[in-house]
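For reference, the structure discussed in these notes is given below.
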Protein chains: 2
Amino acid sequence: MTEIQPKSGTADTVAESLERAIHEHRLPPGTKLGEDELSEIYGVSRTRIRAALQALSHRRLVEHQRNRGAFVAQPTVREAHEVFEARALLEPRTARSAAIRMTDAHVTALQAHIDAEHAALHAGESGRALSLSGEFHIEIARIADQSTIEAIVQQLVVRSSLIIALYWRRRAALCESHAHGALIDAFAARDGALAEELMAHHLLDLVTSLDLRNQSSQPGSLKAALA
Amino acid sequence: MTEIQPKSGTADTVAESLERAIHEHRLPPGTKLGEDELSEIYGVSRTRIRAALQALSHRRLVEHQRNRGAFVAQPTVREAHEVFEARALLEPRTARSAAIRMTDAHVTALQAHIDAEHAALHAGESGRALSLSGEFHIEIARIADQSTIEAIVQQLVVRSSLIIALYWRRRAALCESHAHGALIDAFAARDGALAEELMAHHLLDLVTSLDLRNQSSQPGSLKAALA
DNA sequence: GTGCACATGATTGTATACAACATCGGCCAC
DNA sequence: GTGGCCGATGTTGTATACAATCATGTGCAC
């Protein structure tokens, strides 16, 4: 297993660390999350690990199988459609609200976010880049000053990261940043209507860049492996 | 023969029972949820109670205060606005989708739902009526065949119930049912655009029937009490 | 050699014991 | 009499021990 920050902490700390690892694709879908293993890695007792896993389970980031353990979630094709449908309802209008409340400081912060994403990409840290790309969306909800929507969007964004891990079609994730750049321009111009439309199209583009034909890429990918 | 109910008392069962009680206003906001007390009531150990309370805490239905215990959540005025803002983004478009997928069986089921709500109201069970009224909204998301949105809406609806408990202005909850009746008519006519508009207005009406002036009705309502 | 039965080991589910902390009462100083 | 200090009591936080369940590997029968 990849090295996870052996940073001792509370159950929430563990949950956040695991969520980051999932978001950054360091823990791919289907990975078994053994309780003893995690308790040794984080240096905390199983009680806290269980609490963390339960939290992630409620957010649909891990799937719990009774008496078998916890695994990083493997969203189905149907779930993938549903997650992006929910995002399509929430994020465009939220982007509009954000554009209205946007300050110059917000714009520069968003730009810095994109720069960091590019830097991570050039450093070969594609997982970190993807994570930053997702946080861009969360940041918009935060600027819109809607913490409830922000929490929902955050959950949907991390689930989207799992979906991308399973169903991404092209290798390069570069194309995205253009959409984010265009969004920043709209924000800088305080053009709420444009931001809303750009966000809607951006989400549509995301879905179409997935391969969501029913293929049940679950464990039984025998036919694909034997071809 | 008390074994008739299979698995009566898992953590999920306890959580569902508590959520129902909260939704029906049998547990008003601010109620202390003592672990020992609950473990005796449900006849299960504290471990399961804690798991249930954690689950409700993640759904923002109970607030956890460290070393002090769990309390039924008391949404602030700001949270109230945020919850209805999120619902305003999700539910109208979902109602439109539901109208398209609506079958005659669905329509009669929704009508039965409203009838049950009226019956509960006339029986003096106002809490149960409110709960059924909320489930009407959840049912629509289910008909739209969007389980992810359904889960989010469910959470928002129960939080709305808490908000209503704290900030409801008028005593009578009768007026609502008219909105639901009009929605059913739109569904029966498979008029998605109308359903979307009706739902949007229904949610706006709900907000305006709340008293959301900053009053911090939290424990420290000293100024109000001393006036 | 194949397939089933069973024993073994490992992992999770649950309960309970103990430690840490907050609340509340009385007591004392001022 | 007011205010603060400080034990007594109860509640929550955490760890650990034990039970239940699943996965694995061996051996036997066919």
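Predicted model only: the values in this text are computed from it and were never measured. Heavy atoms only: backbone and side chains are in, while hydrogens, waters and symmetry mates are out. In what follows, chains are A, B, ... by sequence order, proteins preceding strands, each numbered from 1.
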Write down the distance between [atom1] ([X]) and [atom2] ([N]), rounded to a whole number of angstrom.
| X | N | atom1 | atom2 | answer |
| --- | --- | --- | --- | --- |
| B:Glu35 | D:dT14 | CD | P | 11 Å |
| B:Phe71 | D:dT11 | CZ | C1' | 10 Å |
| B:His64 | D:dT14 | NE2 | C1' | 13 Å |
| A:Ile49 | C:dG13 | CD1 | P | 14 Å |

Requested in this report: Classify the nucleic acid contact of B:Arg66 as base, sugar-phosphate or nothing, counting any heavy atom under 4.0 Å across all strands shown.
Outcome: sugar-phosphate

Side-chain N or O of [X] less than 4.0 angstrom from OP1 or OP2 on [N]?
| X | N | value |
| --- | --- | --- |
| A:Arg48 | D:dT14 | yes |
| A:Ser45 | D:dA15 | yes |
| B:Arg50 | D:dG13 | yes |

**Report entry** Sub-6.0 Å ring centroid separation between A:His58 and A:His64
**Finding:** no

**Report entry** A:Thr47 vs A:Asn67, nearer the 5' end of DNA chain D by closest nucleotide
**Finding:** A:Thr47

Query raised in the report: Of the candidate nucleotides D:dC22, D:dT14, D:dG13, which contains the atom at the shortest distance from the side chain of A:Arg68?
Result: D:dC22

Query - Minimum-distance nucleotide to B:Lys32 side chain [options: C:dG13, C:dT11, D:dT11] - result: D:dT11

**Report entry** Partner residues of B:Phe136 under the ring pair (Phe, Tyr, Trp, His ring centres under 6.0 Å) criterion, sequence neighbours left out
**Finding:**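 Only B:His180 meet the ring pair (Phe, Tyr, Trp, His ring centres under 6.0 Å) criterion with B:Phe136.
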
Report task. Using the test side chain to side chain contact (heavy atoms under 4.5 Å, CB included), find all partners of B:Ala151 that sit at least two apart in sequence or belong to another chain. Result ->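 By the side chain to side chain contact (heavy atoms under 4.5 Å, CB included) rule, B:Ala151 matches no residue at all.
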
Requested in this report: State the CG-CD1 distance between A:Leu38 and A:Ile49, to the nearest 0.5 angstrom.
Outcome: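 One gets 5.0 Å once the value is rounded to the nearest 0.5 Å.
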
